[in-house]
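Presented below is the structure to which this report refers.
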Number of protein chains: 2
Amino acid sequence: MNWLTPKRLPAGMVAVMCSRPHPKAVRSGRLGRPRSTEADTAILHATRAALVELGWSKLTMGDVAIRAGVAKTTLYRRWASKSELVIDAVAVLFDELELPDRGSLMADVEGVVLQFATLLERPETRTALMAVVAESTRDEALRSRIRSAIVNRQKTLVLQGRARAQARGELPYEENAESAARNADLIFDVIAGAVVHRTLVSAEPVDQAWAHSFTTLLLSGLTSLRNS
Amino acid sequence: MNWLTPKRLPAGMVAVMCSRPHPKAVRSGRLGRPRSTEADTAILHATRAALVELGWSKLTMGDVAIRAGVAKTTLYRRWASKSELVIDAVAVLFDELELPDRGSLMADVEGVVLQFATLLERPETRTALMAVVAESTRDEALRSRIRSAIVNRQKTLVLQGRARAQARGELPYEENAESAARNADLIFDVIAGAVVHRTLVSAEPVDQAWAHSFTTLLLSGLTSLRNS
DNA sequence: GCGCTTTCGCTACGCGTCGTAGCGTAACTG
DNA sequence: CAGTTACGCTACGACGCGTAGCGAAAGCGC
């Protein structure tokens, strides 16, 4: 019903080359009053604030509109659903993830684990990440949006870390491109999955000690696990 | 508001020794018309069916009541929220998880990974698991319910698998009880986290090949990772 | 300056779900 | 039998959703 209204733009239009394609991007061409960029930032800021105070389930579109000082209709002109709005609001937080060269594969992994954990300590990401992932299990469009807005950014770090480790001689170069990609995906799922599960399911902190133990396990394997 | 109504029972009452303590358990003592156990099973069955057809977000209490052939008020007499209902409905699916002895640690891990993956292929669990976890980030009571109903059951498998591996001589006995517990938690987060992340975030299948690669990585570590 | 186009804030609306109250009836206990 | 609790049913207020319609504002091309 919603998917066929003229408000929806053809799918191709979203895929234009842009760092953050707007959900309901209007052709930036010309004609008419341009969209207020202040409204955009105000809405996203208000969404994060609402996530902190209310959490995902109690966040309402009307409330966000009021916080942003914007009419509710303005909100719906840009985002078709609460999920898409929240994804965009949270996605920018993942931009601060980076991989400073700490000199060794071990230190690099530990660093990225702690960085990711710090991100997941924020109430916005805690409450939003799992919620949108849950929503995406029944919505392919949402899933691809999460992928491009959040997941792919994290995956880059894995590729970067591997390249460094290979340059240092800590990891072998993989001539087979396919299996190299598979391995990167595997490692990404292991790292991100472990941190997320520890944080949100087990609900216990990812501190220095845990990061160290995890990294040791990841590098050396289960058979070499010893008491610390 | 909801948390203070007389409907809510004191917290201790839920923690009675019972395999599956009912959310709003009434003292099984006596007096008056007993609760219909058929209604219980019908509701949980209807909830799973609704999850399959509608998914978490579109599931409504009224719809579940109709499917179960039960009044909506009957539903609310037993479960205070949609989250608690869904947890109970899904929890039984996790009971079928077990750890058959396959002769080696490697085979055991691979087996449990594939079993867990099979469980996550079901639409009920896919859509429900992440949703209730997301909900639990702001609700400690919900989190402990998930832990006792779902997570702890899985964690047992890790302990079981380790004990077997130790008996086989594949893993060393850990004299330090604390670090042994920490290691078990770590391994659990790594295994469950990786499978969940692969399935629900990366949205790619956990097949035999992936399970094998993952298990190899877990046992031997990153440094020994080679092309397959 | 003038039209044309699009977005803006605002109000109002229908719809669906929520969770509860109140009733009469059914089931079980002593 | 009386006492107690669960049941099905109806009705209700509250609230969030997403949209329609309005006049005003802010750009563009002329």
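Protein chains get the first letters and strands the later ones, always in sequence-line order, with residue 1 at the start of each. This structure is a prediction, so every number in the text was calculated from the model and none was measured.
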Next on the checklist: What is the distance, to the nearest angstrom, from the CZ atom on B:Arg35 to the C1' atom on D:dT4?
Outcome noted: 14 Å
Item to check | Whole-Å distance separating the CG atom of B:Leu85 from the C1' atom of C:dC18 | outcome: 14 Å
Checklist entry - Taking only residues two or more places apart in sequence, or in another chain, which ones meet A:Gln208 in a side chain to side chain donor-acceptor pair (under 3.5 Å)? => result none
Checklist outcome for this item: Between CG of B:Leu54 and P of C:dT17 the distance, given in whole Å, is 10 Å
Report all side-chain donor-acceptor pairs from residues 116-123 of chain A shorter than 3.5 Å, counting only partners two or more places apart or in another chain.
residue, atom, partner, partner atom, Å
A:Thr118, OG1, A:Leu114, O, 2.8
A:Arg122, NE, A:Glu124, OE2, 3.3
A:Arg122, NH2, A:Glu124, OE2, 3.0

Item to check | Gap between atoms NZ and P, on A:Lys82 and D:dC15 respectively (whole Å) | outcome: 17 Å
Checklist entry - Are A:Leu75 and A:Val70 side-chain neighbours, meaning at least one heavy-atom pair lies under 4.5 Å? => result no
Checklist entry - Between B:Arg153 and B:Asp95, is there a donor-acceptor pair closer than 3.5 Å when you use the side chain of the first and the backbone of the second? => result no
Next on the checklist: Within the structure provided, determine whether B:Arg145 and B:Asp88 are in side-chain contact (heavy-atom separation under 4.5 Å).
Outcome noted: yes
Next on the checklist: Using a 4.0 Å heavy-atom cut-off to protein, can you give one letter per nucleotide of nucleotides 23-30 of chain C, 5' to 3': B if the base is in contact, S if only the sugar-phosphate is, - if neither?
Outcome noted: ---BBBSS
Checklist entry - What nucleotide, of D:dG18, D:dG8, C:dC10, holds the atom closest to the side chain of A:Lys72? => result D:dG18
Checklist outcome for this item: Whichever of B:Gly62 and A:Ala71 has the more 5' nearest nucleotide on DNA chain C, that residue is A:Ala71
Next on the checklist: Would you say B:Thr74 places a side-chain N or O within less than 4.0 Å of OP1 or OP2 belonging to D:dG8?
Outcome noted: yes
Checklist entry - Under the 3.5 angstrom rule, does the side chain of B:Lys58 hit a backbone N or O of B:Glu53 as a donor-acceptor pair? => result no
Checklist entry - So does B:Glu178 have more than 12 non-hydrogen atoms from other groups sitting under 6.0 Å from CD? => result no
Item to check | Interatomic distance where OH belongs to A:Tyr76 and P belongs to D:dG21 [whole Å] | outcome: 18 Å
Checklist entry - Atom CG of A:Leu75 and atom P of C:dG9: how far apart are they, to the nearest Å? => result 10 Å
Checklist entry - Nearest-Å distance, CH2 (A:Trp79) to P (C:dT7)? => result 14 Å
Checklist entry - Mapping A:Val70 and B:Met61 to their closest nucleotides on DNA chain C, which lands nearer the 5' end? => result A:Val70
Checklist entry - Within less than 4.0 Å of OP1 or OP2 of C:dG9, is there a side-chain N or O belonging to A:Thr73? => result no
Checklist entry - Between B:Leu59 (CG) and C:dC18 (C1'), how many Å, whole number? => result 13 Å
